[in-house]
Engineer: 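Take a look at the following structure, please.
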Amino acid sequence: MLLIADILENKERILQGLHKRGLDSPEEVIEKVLNLDTQRKETKTNLDRTLAESNGISKQIGQLMRQGEHEKAEAIKKKTAELRTSGKELQHQLSDIESTLKTLLYQIPNVPHQRVPEGSRAEDNAVLEECERLPVLSDSKKPHWDLIKDYDIIDFDLGNKVTGAGFPVYKGKGARLQRALINFFLDEAIKAGYAEIQPPIVINEASGYGTGQLPDKEGQMYHVQNEDFYLIPTAEVPITNLYREVILSEADLPVKHVGYTPCFRREAGSWGAHVRGLNRLHQFDKVEIVQIALPSRSYEVLEEMLQHVVGLLKKLDLPYRILNLCGGDLGFTAALTYDLEVYSAAQEQWLEVSSVSNFETYQANRLKLRYKSEGKKTTLLHTLNGSALALPRIMAAILENNQKEGGIKIPEVLWEYAGFKEI
RNA sequence: AGAGGAGUGGCGGAGUGGUCGAACGCGGCGGUCUUGAAAACCGUUGUACCGCGAGGUACCGGGGGUUCGAAUCCCUCCUCCUCUGCCA
């Protein structure tokens, strides 16, 4: 959520940023916000004045009562009736204005960072780094949706039976490889100084608003109706919300957490031929890294997180490229996002396996996540997160890129974790 | 899930209709004393909003209500504790 004070101060810069996202007329909504804010202030001033007067009279009444002057007290009481009705009226006006203002602010995405490239389509994303020699497989190469059947390690039909499409069942070495990857990712993050968290995988509404999944992506989350909970689409949500309404001290920073969770996404309307097999699922596993950083350091932290993810891909020996997402492709709440994609030699396409983002104060403002600086001022922090990593496409790439006649070699770093070297 | 009890500032803990943003203790910060530290003593110590400022307003788990006035009374939801039930 954008800060009104920031909109007032940097209106032009913010409008430019919103144009970069391809918004039609951000001027309109920004003007509405500023007008409402003016109304809010006026109403608040009036309300406070009314309440102050009414409080004063109440105090007088109290004094008179104590002195036993009941008639005088009764006489003054009558004066308050009017204040009371106008106070109620103003109170209602104020909460109406505030909720309209909030609804409006919820509709405005984060302002892209200066380094975010112009553009609206995937082709406009800037490739910052790309593996030079892409692997080429023999003509007998198979996509992972065939390989998993050949080796009987992931079963979509069983998932269909038990749940439905997009909920695969991992079997035998498939399950063990999953577990190996999760443990490998967790251990690597812990080595890099991240403290492990095992959060709940269902969250309440407040948490959904805190990190920005609500109200923007309401339809993308599974909703537990009888409890009004949501299944998490990513561990980012529960882990970041650990710090909702928290004031940290400077010494606590940066906060670094890692968590493994299953993730649930309805992916309404996003199915097609290009998302076969493991490429898109309703339930998948992911290890997520989250940091809370000082505003002055958050872009350093972003680079550090990016390099952590790059390190994982290198250790897994997967060909990757790094994208700087363009304005049109940037997520609603992010200021800058690096996507990491892995090349699948069998599908002959790039698969997104990680998104590393800086949200600056956008989430922190919703979360009321602040720190107390030396000068005793409370200031919003910056939140960041990244997948390190999402499992299914990593799994797909490992299976596809390492396939050979009669077996699939798994990366050496996983041998110990998996307990086998080949499928 | 049922019955009973409880939720107050960083923590502990008073307060059951007005003088309460809230006693007191601990902790934190500043100071006195000390070569330094400890102890002792003195002072200070929440957040947000409105206002140029003086100052004002709101917040005692959340929301709503009664009242001139609510931490205090009523309703409702949430959370925790105890007992019973059920269960990995």
Side-chain angles (χ1 to χ4, degrees), chain A residues 1-9 33-105 198-210 214 223-230 238 241-253 255 262 361 363-381:
Chain A
M1 196 157 63
L2 299 185
L3 288 143
I4 292 174
D6 199 31
I7 299 177
L8 274 167
E9 258 176 66
V33 165
L34 292 178
N35 284 337
L36 273 170
D37 189 52
T38 310
Q39 278 182 51
R40 192 195 112 252
K41 286 175 179 170
E42 282 168 4
T43 311
K44 167 87 168 131
T45 307
N46 284 336
L47 174 62
D48 283 359
R49 204 177 291 144
T50 308
L51 289 175
E53 198 178 331
S54 154
N55 285 345
I57 291 171
S58 288
K59 267 195 184 127
Q60 277 181 42
I61 293 172
Q63 261 165 8
L64 290 170
M65 295 291 234
R66 250 172 286 123
Q67 289 159 10
E69 310 209 46
H70 295 271
E71 288 135 55
K72 278 191 189 169
E74 287 303 322
I76 305 182
K77 266 194 198 179
K78 286 174 189 142
K79 274 167 64 182
T80 59
E82 201 181 315
L83 287 174
R84 214 177 157 212
T85 44
S86 65
K88 277 234 163 85
E89 173 66 21
L90 286 166
Q91 188 72 66
H92 283 127
Q93 274 181 33
L94 184 63
S95 28
D96 281 354
I97 292 169
E98 281 175 344
S99 74
T100 313
L101 191 53
K102 205 166 203 181
T103 308
L104 224 48
L105 285 170
Q198 275 192 25
I201 58 170
V202 288
I203 49 134
N204 58 28
E205 207 178 34
S207 294
Y209 276 96
L214 292 174
H223 190 200
V224 182
Q225 310 236 351
N226 50 2
E227 296 287 351
D228 207 14
F229 290 152
Y230 294 88
N241 271 281
L242 258 24
Y243 292 88
R244 173 151 44 85
E245 278 154 46
V246 166
I247 300 178
L248 294 166
S249 71
E250 218 166 324
D252 300 326
L253 300 165
V255 169
T361 59
Q363 291 182 328
N365 188 28
R366 288 194 182 188
L367 294 160
K368 296 197 176 67
L369 166 54
R370 293 158 294 172
Y371 77 105
K372 212 164 214 156
S373 60
E374 289 284 331
K376 296 239 169 173
K377 260 182 68 185
T378 50
T379 312
L380 290 173
L381 284 160

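On a predicted model such as this, the values are computed, not experimentally measured, just so you know. So you know, we letter chains A, B, ... as the sequences are listed, proteins then strands, and number each from 1. Every heavy atom of this structure was used, including side-chain atoms; hydrogens, water molecules and symmetry mates were not.
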Engineer: Looking at A:K372, does any N or O in its side chain come under 4.0 Å of the phosphate oxygens OP1/OP2 on B:U47?
Structural biologist: yes
Engineer: Taking the P atom in each of B:G30 and B:A38, what is the distance between them to the nearest angstrom?
Structural biologist: 12 Å
Engineer: In the strands shown, is B:U67 matched to any nucleotide by a Watson-Crick or G-U wobble pair with both distances under 3.5 Å, and which?
Structural biologist: none
Engineer: Mind calculating the distance between NZ (A:K79) and C1' (B:G69) to the nearest angstrom?
Structural biologist: 15 Å
Engineer: Rounded to whole angstrom, note down the C1' distance from B:G9 over to B:A23.
Structural biologist: 13 Å
Engineer: In this structure, how many angstroms lie between the C1' atom of B:G62 and the CD atom of A:E205, rounded?
Structural biologist: 13 Å
Engineer: Kindly point out which of B:C50, B:G18, B:A58 is positioned nearest to the side chain of A:K44?
Structural biologist: B:C50
Engineer: If you measure from the P atom in B:G27 to the same atom in B:U19, how many Å do you get, rounded?
Structural biologist: 31 Å
Engineer: Could you please name the option among B:A48, B:C50, B:G18 that lies closest to any side-chain atom of A:T45?
Structural biologist: B:C50
Engineer: How far, in whole Å, is B:C60 from B:G46 if one measures between their C1' atoms?
Structural biologist: 12 Å
Engineer: Using atom CD of A:Q91 as one end and atom P of B:A58 as the other, report the distance to the nearest whole Å.
Structural biologist: 9 Å
Engineer: Could you give me the CA-CA distance, side-chain angles and deciding distance for A:T45 and A:D48, then say whether side-chain hydrogen bond (donor to acceptor under 3.5 Å, both in side chains) is met?
Structural biologist: CA-CA 5 Å; A:T45 307; A:D48 283 359; over 6 Å; no
Engineer: Round to a whole Å and report the spacing from CD of A:E98 to P of B:A58.
Structural biologist: 14 Å
Engineer: Would you compute the distance between atom CE of A:M1 and atom CG of A:L101 and round it to the nearest 0.5 angstrom?
Structural biologist: 8.5 Å
Engineer: Taking for each residue the nucleotide of RNA chain B bearing the nearest heavy atom, is the 5' side occupied by A:D37 or by A:L47?
Structural biologist: A:D37
Engineer: Is A:P262 close to A:I201 at the side-chain level, that is, under 4.5 Å between some pair of heavy atoms?
Structural biologist: yes
Engineer: Pick the C1' atom in B:G85 and in B:G2, then give their distance to the nearest Å.
Structural biologist: 8 Å
Engineer: Rounding to the closest angstrom, what is the interatomic distance between B:A14 and B:C73 at atom P?
Structural biologist: 16 Å
Engineer: Could you tell me whether A:L51 contacts a base, only the sugar-phosphate backbone, or nothing, with contacts defined as non-hydrogen atoms closer than 4.0 Å?
Structural biologist: sugar-phosphate
Engineer: Choosing from B:G18, B:U57, B:A48, which nucleotide comes nearest the side chain of A:T378?
Structural biologist: B:A48
Engineer: Give one of base, sugar-phosphate or nothing for A:T80, where a contact means two heavy atoms less than 4.0 Å apart.
Structural biologist: sugar-phosphate
Engineer: Paired with B:G21 by Watson-Crick or G-U wobble geometry, both distances under 3.5 Å: which nucleotide is it?
Structural biologist: none
Engineer: What does B:U79 pair with, Watson-Crick or G-U, if both distances are under 3.5 Å?
Structural biologist: B:A6
Engineer: If we take the C1' atom in both B:C59 and B:C20, what is their distance in whole Å?
Structural biologist: 13 Å
Engineer: Atom CG of A:D228 to atom C1' of B:C78: distance rounded to whole Å?
Structural biologist: 13 Å
Engineer: Measure the CG-CG distance between A:L90 and A:L83 for me, rounded to the nearest 0.5 Å.
Structural biologist: 10.5 Å
Engineer: Just verifying a value: how many Å separate A:T361 OG1 and A:R366 CZ, rounded to the nearest 0.5 Å?
Structural biologist: 11.5 Å
Engineer: Picking from B:C68, B:C50, B:A48, which would you name as closest to the side chain of A:K41?
Structural biologist: B:C50
Engineer: Please tell me which of A:Q63 and A:D48 maps to the more 5' nucleotide of RNA chain B, matching each residue to the nucleotide holding its nearest heavy atom.
Structural biologist: A:Q63
Engineer: To the nearest 0.5 Å, what is the distance between CD (A:E98) and OG1 (A:T103)?
Structural biologist: 11.5 Å
Engineer: What contact category does A:R40 fall into here, base, sugar-phosphate, or nothing, at under 4.0 angstrom with non-hydrogen atoms?
Structural biologist: sugar-phosphate
Engineer: To the nearest 0.5 Å, what is the distance between CG (A:L51) and CD (A:Q91)?
Structural biologist: 7.0 Å
Engineer: Measuring to OP1 and OP2 of B:U67, would you say a side-chain N or O of A:R84 lies under 4.0 angstrom away?
Structural biologist: yes
Engineer: Between B:C68 and A:N55, is there an OP1 or OP2 to side-chain N/O distance shorter than 4.0 Å?
Structural biologist: no
Engineer: Considering just the side-chain nitrogens and oxygens of A:R49, establish if one lies under 4.0 Å of OP1 or OP2 belonging to B:G55.
Structural biologist: no
Engineer: Counting side-chain heavy atoms from CB outward, which of B:U57, B:U47, B:G51 is closest to A:I247?
Structural biologist: B:U47
Engineer: Using the C1' atom on both, measure B:U47 against B:C33 and round to a whole Å.
Structural biologist: 36 Å
